[in-house]
2 protein chains.
Amino acid sequence: MIGSSKREQLIQAALELFSKNGFHAVGVDTISEKAGITKRTLYHHFKSKEELILAALRYYDERFRNDFMRSVEGKAESPVGRLLAVFDVVEEWFGKEDFSGCLFVGAMGEYPEEGMPIRRVCQESKVLTREYIKGLAEKAQLKDAKQLAEQIILLIEGAITMAQVNKSSLSALHAKKAAEVLIQNSGPFV
Amino acid sequence: MIGSSKREQLIQAALELFSKNGFHAVGVDTISEKAGITKRTLYHHFKSKEELILAALRYYDERFRNDFMRSVEGKAESPVGRLLAVFDVVEEWFGKEDFSGCLFVGAMGEYPEEGMPIRRVCQESKVLTREYIKGLAEKAQLKDAKQLAEQIILLIEGAITMAQVNKSSLSALHAKKAAEVLIQNSGPFV
DNA sequence: TAAAATGTACACAGGTTAGTATACCTAGGT
DNA sequence: ACCTAGGTATACTAACCTGTGTACATTTTA
């Protein structure tokens, strides 16, 4: 049986709890209880809490980035338009009542041990997001597309942090205005 | 006895451990052991682990922002120069081998409960940093100083996150280049 | 039909956590 | 000389943590 539903239930329960409370603060008993599945079964699917965390992060990464890109593409057609639409999408994200910052950044904060699998998954997710932004900048035929992409990433990450700190989605608007200036300055054509 | 040295030893040991490992991951036994002070004495000075965390965050906030501002002011005289020097200072910070992201962001990630004292301390620290940046922008007589300050804050916070994720201080350079463009665009005069 | 995987229920091991109890020591102030 | 406050040392509680043992039920698949 591929993609057992129990397994997915556990991952979803874990994700909700980890997002809201952090990783160390949530025990496996709480997760299994929330999923309505015994702890023994949890350990049938994941050989340790760390494996469950890894699976949850990978699951979240896939869905989250997928939704993110689809939302961006639904908001604008042109590459430049999409580059800016990114900030509208994050603003909506910040507005959700269950928003609590970037799960990957949180995970890296709680698991600082160099080279840990958890850290690698988080880093890979960030790389893929960066690639996506870089692709948009390149399609927009802006000069210094790579550098522009880096700068836009900084604005996004900064906006995430400040949205979490201030419990406000205003940071997304500030970031968008900054991005407009940076794009403008990057020249309309290559 | 004011400002007992034992108390400070405990705070410093706690800070080192929290910075490196996070808050939940470090127990009071580890802290008292590292400080060379018995746990019973720790509980003479702080009535709970949370109180110790609060004291450590406040202690860190004071010293960190002080050092930060002094470094900035040592690097440039003009307000615009200082606005840019901020990124040189953070770059140096990222380069330290014990750098592991922003302690306050980490604390907020691990203690998400709304209105918690720990969160308030972190938020206040961010407010003060914002005020400092805003002050520089105003002294530089740039138009939209307040908005520019918000944008620069986003670049700083984004750079912190990416420095932690990629274990690289490169993000500071990208942020600085973006800041140059934003400042330029904010007009040389009001 | 039989074997294998997945599931339940529940107790338990072994370790760590925050925080306390008890008893004693020492230095300073009055 | 005495009392109080800060400190030491050690053992403890009670809760919580991850992970397992055991015995049995259900479902899948060959």
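What you see is a predicted model; the values in this text were computed from it and never measured.
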Residue list, ring pair (Phe, Tyr, Trp, His ring centres under 6.0 Å) with A:F64, at least two apart or on another chain: A:Y60, A:W93
Tell me every residue that passes ring pair (Phe, Tyr, Trp, His ring centres under 6.0 Å) with A:F18, counting only those two or more places apart in sequence or in another chain. A:F23
Can you tell me if the side-chain N/O atoms of [X] get under 4.0 Å from OP1 or OP2 in [N]?
X     : N     : answer
B:T41 : D:dT8 : yes
B:T38 : D:dG7 : no
B:H45 : D:dG7 : yes

[X]: what forms a side-chain contact (heavy atoms from CB on, under 4.5 Å) with it, not counting sequence neighbours?
X      : result
B:T38  : B:R40, B:T41
A:K34  : A:A13, A:E16, A:L17
B:L170 : B:S168, B:H174
A:Q12  : A:E8, A:Y59

Work out how much the helix from C:dT1-D:dA30 to C:dT30-D:dA1 bends between its end axes, five pairs an end, to the nearest 10 degrees. 10°
For DNA chain C, find the residues of residues 52-60 of chain B with a heavy-atom distance under 4.0 Å and give them by number; none if there aren't any.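 Within this stretch, nothing sits under 4.0 Å of the strand.
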Rounded to whole Å, how long is the line connecting atom [atom1] of [X] with atom [atom2] of [N]?
X     : N      : atom1 : atom2 : value
A:E8  : C:dT6  : CD    : P     : 16 Å
A:I37 : C:dA9  : CD1   : C1'   : 14 Å
B:L42 : D:dA9  : CG    : P     : 15 Å
B:H44 : C:dT22 : NE2   : C1'   : 12 Å
A:E33 : C:dC10 : CD    : C1'   : 15 Å
A:K6  : D:dT27 : NZ    : P     : 11 Å
B:F46 : C:dT20 : CZ    : P     : 15 Å

Atom pairs, N/O to N/O, protein against nucleotides 15-22 of chain D, distance under 3.5 Å?
unit_1	atom_1	unit_2	atom_2	d
D:dT18	OP1	A:K49	NZ	2.9
D:dT18	OP2	A:V28	N	2.8
D:dG19	OP2	A:Y43	OH	3.0
D:dG19	OP2	A:K49	N	2.7
D:dG19	N7	A:K39	NZ	3.0
D:dG19	O6	A:K39	NZ	2.4
D:dG21	N7	A:R40	NE	3.2
D:dG21	O6	A:R40	NE	3.0

Is it the case that the side chain of B:R82 and the backbone of B:K75 share a donor-acceptor pair, with hydrogens and angles ignored and the cut-off at 3.5 Å? no
ILVMFWY clustering at 4.5 Å (side-chain atoms), partners of B:V165: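 The other cluster members (ILVMFWY side chains, heavy atoms under 4.5 Å, direct or chained) are A:M108.
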Of all residues at least two apart in sequence or in a different chain, which pass the salt bridge (Lys or Arg N to Asp or Glu O under 4.0 Å) check with A:K20?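 For A:K20 there are no salt bridge (Lys or Arg N to Asp or Glu O under 4.0 Å) partners, ignoring immediate neighbours.
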The criterion is salt bridge (Lys or Arg N to Asp or Glu O under 4.0 Å); which residues satisfy it with B:K47, sequence neighbours excluded?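 With sequence neighbours excluded, B:K47 shows a salt bridge (Lys or Arg N to Asp or Glu O under 4.0 Å) to B:E51, given in chain and number order.
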From the list B:H45, B:H44, B:Q9, side chain to side chain contact (heavy atoms under 4.5 Å, CB included) with B:I37 holds only for B:Q9
